> 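Please see the structure below; I have some questions.
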Amino acid sequence: MHQRPVRVRFAPSPTGGLHLGGVRTALYNYLFAKKHHGTFVLRIEDTDQTRYVQGAEQYIVDCLEWCGISPDEGPHRPGKFGPYRQSERKDVYRVFAEQLVSNGHAYYAFDTPEELEKMRTDFKSDNNPSPQYNHTTRMKMCNSLTLSKEEVEKKISDKVPHVIRILMPDQEEIKLNDIIRGEVVFHSHLVDDKVLLKADGMPTYHLAVVVDDHAMEITHAFRGEEWLPSAPVHVLLWQFLGWSDVMPAWAHFPLILKPDGQGKLSKRDGDRLGFPVFAMDWRDPKTGELTKGFKEMGFLPDAYINLLALLGWNDGSGQEIFSKEELIQHFSVERIHKSGAKFDFEKAKWYNHEWVKKSSTDLLLPLVQELLSSNQIHTNDELLQTAIPLIKERCHVINDFLLQLKYFFVDPTQLDTEAVKPKWDEKKSAFFQSFVKELESLSSWNIEEIEKCFKDLSLAQGLKPGDVQLPFRVMLVGGKFGPAVFEIAQLIGKDATLRRIDTGLSSFNI
RNA sequence: GGCCCGUUGGUCAAUCGGUUAAGACGCCUCCCUUUCACGGAGGAAUGAGGGGUUCGAUUCCCCUACGGGCUACCA
C-alpha cells in the first residue's frame, strides 16, 4: 500500500491573493511530486460560499504558472479524479456524513447560531474563555444524542436546519506521525465535536479534506502548521470512514513569520514594511484595492521559488542558489525545519540579484523591453543586447533596469550637479569645450579612440583624466552610476554624446 | 484559560554526543575601480534559563521562561 504512486495536492481556498506561505506550500508539494515522479494536484477548497472571491481561482492558477510550478491536475487541467472544485463535489460529502451518523461516529445537531452563542457565553469563565461543543456540553444541546429518535426524525422531515458533528470518543489517544515533527499525540477528550457538514449542505474543511484526499488517492498530505491542532479530527475520520490503510502520510510545514515582531506574515505586513507578500499583483474585486506582487516588483520566477524553498528548508550542504531542477533533485520533506522563519526582504532581493546576474540576455531581454516600453522609452534590440550584460550586476530586481538602461536611449533629464559643481571650474569647462571639437573630428567612433582623445586632451590641458571623468559621466548618464564612461559614449553614439556634453556644460556653468 | 508546535548571531541557518559552533544576508574595514556595481581579503555578532543522562552536551530527557498556532456551520 505504500507503493502507491505519489499524489499530492495544494488545496487553497479562493478568497484573495496568494500569499508567500501558500506559494511555498504549493512549491514543496510540487517539488515532492516531481522528485518522486508523482502527480501534483490543485484542488479548490471553495466550501465557504460567503468567502468566495471572484477571480481568485484563476489568480491562483496564474501565480503557480508564473512560478513554473503548475499542477498536473486541477480545475484547469482535468484528470480522472475531478471535479477539482469542492463546490462541485457537494453531493458526495453528505453520503459520508450520513454514513458516520449511522455508524455512531457523528450526530445531527439542531442548535441555532443563537443557541451556540448562548452556550458559549453561559459556559464562559476565566478558566475556560472559549467553551467548546464537546463531551462536557454536547448532552446539554439540541442534537440527536439528546433528542428521541422520533423528535430527530420529525425535525429532519420538517427540514429543520441542522449540521452533522463528529462524535469525539471519550478517552482515546490519537497519534499522528508527522514526517517533520515525528509522533504527535492528542487526547480525544480535549478535541471538540467539529462540524462536518454545514446547514447549507456544504462540508467543512474537516470532512472535505478527508473525503477528497481519499477520493483523489492522495498519498502525502502536506499543509501549514496551523492545521496541526485539527489533525486528530482528520485522523479519526480516516479511521471512522474505514480508510486507515490508505491514509496519507502527514507533514505540517512551519509558518512564515513577520520580519519584525512575531506572528504569521500577512498582507498587511507587506503594506506596512514595503515589500510584496503576494506572488503577483492582486486587485480586490470588491474594494478595487491593488496589492503589489513579487512578479511586478521585478522578481524572476526562478529566484522567487529559490528563495521560498530555502525559507524553511536546506539540503545541509550550504548551497543557496538552486535551479528548479536542482531543487527537485535535492528536496526532502524530512529536512524541512520545525520552526517558523521570519521573512527577510533584503535576503529575498539578494536571491533575485544572484539570479539576475546569472540570467542570460535572452531571458532578460523581453522582461526589460516590457519594462522600458511601459515607461514610454523607445528601445532597439541591438543596443539592449549589448547594454544588458554591462549593467545587470547592478540590478537587484528587474525594475532596476529602468534606471540603468534609460540613459542609453534618452538624454538624462536631471543631472546630479551636486556631484560635480563643488569641484567644477573654468579649466574643466574649457576642457569640455575643446573636447567637443576634438570629438567632432574623430575619425572613428569607438571606445579606444574616445578614451585616447579624452586622456590626451586632458593631459595636454594640465588636468588629470580622472578629474574630468566624473563630470563626463554625469553629463552622459545623469548620475554617479553605470559602466565605463567611454563605453557608454560609444554606445549612445557621437550625436548624443556631443549633445549631452553641451547640455551638461550649461547646467554646470550656472 | 486549554491543547499543540517551536527556541543556535539582527535575519536565514549547518551540526544528526567530542568542531577554534560552518556558510549566507545585512553591517563595518580594506583591496580592485578616480562612478556605481561586480569581485577579493578581513571584522564584529549565536547555542533562552535551570536541572539531569554521559568520561563529555548546542546535540538526548525533564522543568521553567519565552514565542507562535489553534480554540467558528473559515479555511
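These figures come from a predicted structure and were not determined experimentally. Reminder, nothing fancy here: chain letters follow the sequence lines and each chain counts from 1.
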> Select base, sugar-phosphate, or nothing to describe what R223(A) touches, counting heavy atoms under 4.0 Å on all strands.
nothing

> Can you tell me the distance, in whole Å, between the CD atom of E320(A) and the P atom of G26(B)?
11 Å

> Using the P atom as the point on both nucleotides, what is the distance between U15(B) and A22(B), in whole Å?
14 Å

> On a whole-Å scale, what distance lies between the P atoms belonging to C25(B) and A37(B)?
16 Å

> Does a nitrogen or oxygen in the side chain of H337(A) sit under 4.0 Å from OP1 or OP2 of G6(B)?
no

> Reading nucleotides 66-75 of chain B from the 5' end, what letters show protein touch, with B for base, S for backbone sugar-phosphate only, - for no heavy atom under 4.0 Å?
-SSBSB-BBB

> Just wondering, do H135(A) and M168(A) contact through their side chains at under 4.5 Å, heavy atoms?
no

> If the threshold is 4.0 Å, N to carboxylate O, is there a salt bridge linking D467(A) and K428(A)?
no

> Compare side-chain N and O positions of K357(A) against OP1 and OP2 of G39(B) and report whether any pair is under 4.0 Å apart.
yes

> Between C73(B) and G68(B), how many Å separate the two P atoms, rounded to a whole number?
25 Å

> Could you measure between the two P atoms, the one in U59(B) and the one in C70(B), and give it in whole Å?
30 Å

> When the P atoms of U58(B) and G18(B) are compared, how many Å lie between them, rounded to an integer?
10 Å

> Could you check which of A13(B), A24(B), U15(B) has an atom nearest any side-chain atom of K347(A)?
A24(B)

> How many Å lie between CD1 on I336(A) and P on C12(B), as a whole number?
17 Å

> Quiz question: by atom type and distance under 3.5 Å, do the side chains of D111(A) and Y133(A) form a donor-acceptor pair?
yes

> Taking any heavy-atom pair under 4.0 Å as a contact, classify E346(A): base, sugar-phosphate, or nothing.
sugar-phosphate

> With heavy atoms under 4.0 Å as the rule, sort V185(A) into base, sugar-phosphate or nothing.
sugar-phosphate

> Any sub-3.5 Å donor-acceptor pair from S188(A)'s side-chain atoms to P169(A)'s backbone N or O?
yes

> Rounded to the nearest angstrom, tell me the gap between atom CD in E393(A) and atom C1' in C32(B).
13 Å

> Just the rounded figure in Å: distance from P of C25(B) to CG of N306(A).
13 Å

> Which is true for F343(A) with a 4.0 Å heavy-atom rule: it touches a base, it touches only sugar-phosphate, or it touches nothing?
nothing

> Taking atom C1' in both G47(B) and A41(B), compute the distance separating them and give it to the nearest angstrom.
29 Å

> Mind checking G312(A) for me? I need base, sugar-phosphate or nothing, with any heavy atom below 4.0 Å counting as a touch.
sugar-phosphate

> Under a 3.5 Å threshold, yes or no: a donor from one side chain and an acceptor from the other, between S125(A) and N127(A)?
no

> Name the nucleic acid region contacted by H252(A), choosing base, sugar-phosphate or nothing; use a 4.0 angstrom heavy-atom cut-off, strictly under.
nothing

> Please list, by residue number, the residues of residues 404-415 of chain A whose heavy atoms come closer than 4.0 Å to an atom of RNA chain B; answer none if no residue qualifies.
none

> In Watson-Crick or G-U wobble terms, both distances under 3.5 Å, what is the partner of G1(B)?
U71(B)

> Taking atom C1' in both A13(B) and U7(B), compute the distance separating them and give it to the nearest angstrom.
14 Å

> Assign the ring pair F345(A) / F343(A) to parallel, tilted or perpendicular, where the plane angle (0 to 90°) is split at 30° and 60°.
tilted

> Could you tell me the Watson-Crick or G-U partner of A24(B), where both distances fall under 3.5 Å? Say none if there is no partner.
U11(B)

> Is there, by distance only and without an angle test, a donor paired with an acceptor across the side chain of R394(A) and the base of C36(B) below 3.5 Å?
yes

> From the list U11(B), C25(B), G6(B), which nucleotide is the closest neighbour of the side chain of K342(A)?
U11(B)

> Between I180(A) (CD1) and C4(B) (P), how many Å, whole number?
19 Å

> Under 3.5 Å, is there a donor-acceptor pair between the R165(A) and N143(A) side chains?
no

> Can you tell which of G2(B), C36(B), C38(B) lies closest to the side chain of H353(A)?
C38(B)

> In whole Å, what separates the P atom of C60(B) from that of A14(B)?
13 Å

> Could you tell me if E98(A) and Y108(A) have a donor-acceptor pair between their side chains, going purely by distance under 3.5 Å?
yes

> Among the candidates G6(B), U35(B), G1(B), find the nucleotide nearest to the side-chain atoms of L470(A).
U35(B)

> Only pairs with both distances under 3.5 Å count, Watson-Crick or wobble alike; so what is the partner of U35(B) in this structure?
none

> Can you check whether E320(A)'s main-chain N or O pairs, donor with acceptor, with N306(A)'s side chain at less than 3.5 Å?
yes

> Taking a pair as Watson-Crick or G-U wobble with both distances under 3.5 Å, which nucleotide is matched to C30(B)?
G40(B)

> Can you confirm whether more than 12 heavy atoms, excluding those of K118(A), are under 6.0 Å from its NZ atom?
no

> Of the options U11(B), U15(B), C12(B), whose atoms approach the side-chain atoms of D344(A) most closely?
U11(B)

> Report yes or no: do R223(A) and H252(A) form a side-chain donor-acceptor pair below 3.5 Å?
yes

> Taking the six-membered ring of W355(A), is the NZ or CZ of K358(A) close enough (under 6.0 Å from the centre) and on axis enough (within 45°)?
yes

> Between U35(B) atom P and F486(A) atom CZ, what is the distance in whole Å?
12 Å

> What's P254(A) touching, base or sugar-phosphate or nothing? Going by heavy atoms closer than 4.0 Å.
nothing

> Could you walk me through whether H234(A) and Y205(A) satisfy the ring pair (Phe, Tyr, Trp, His ring centres under 6.0 Å) test, starting with their C-alpha distance in whole Å, then the side-chain angles of each, then the deciding distance to 0.1 Å, before giving a yes or no?
CA-CA 10 Å; H234(A) 311 318; Y205(A) 173 83; 5.6 Å; yes

> Tell me: CG of N314(A) to P of C25(B), nearest whole Å?
15 Å

> Using whole Å, what does the distance between atom C1' of nucleotide A24(B) and atom CD1 of I321(A) come to?
9 Å

> According to the Watson-Crick and G-U wobble definitions, with both distances under 3.5 Å, which nucleotide is paired to C66(B)?
G6(B)

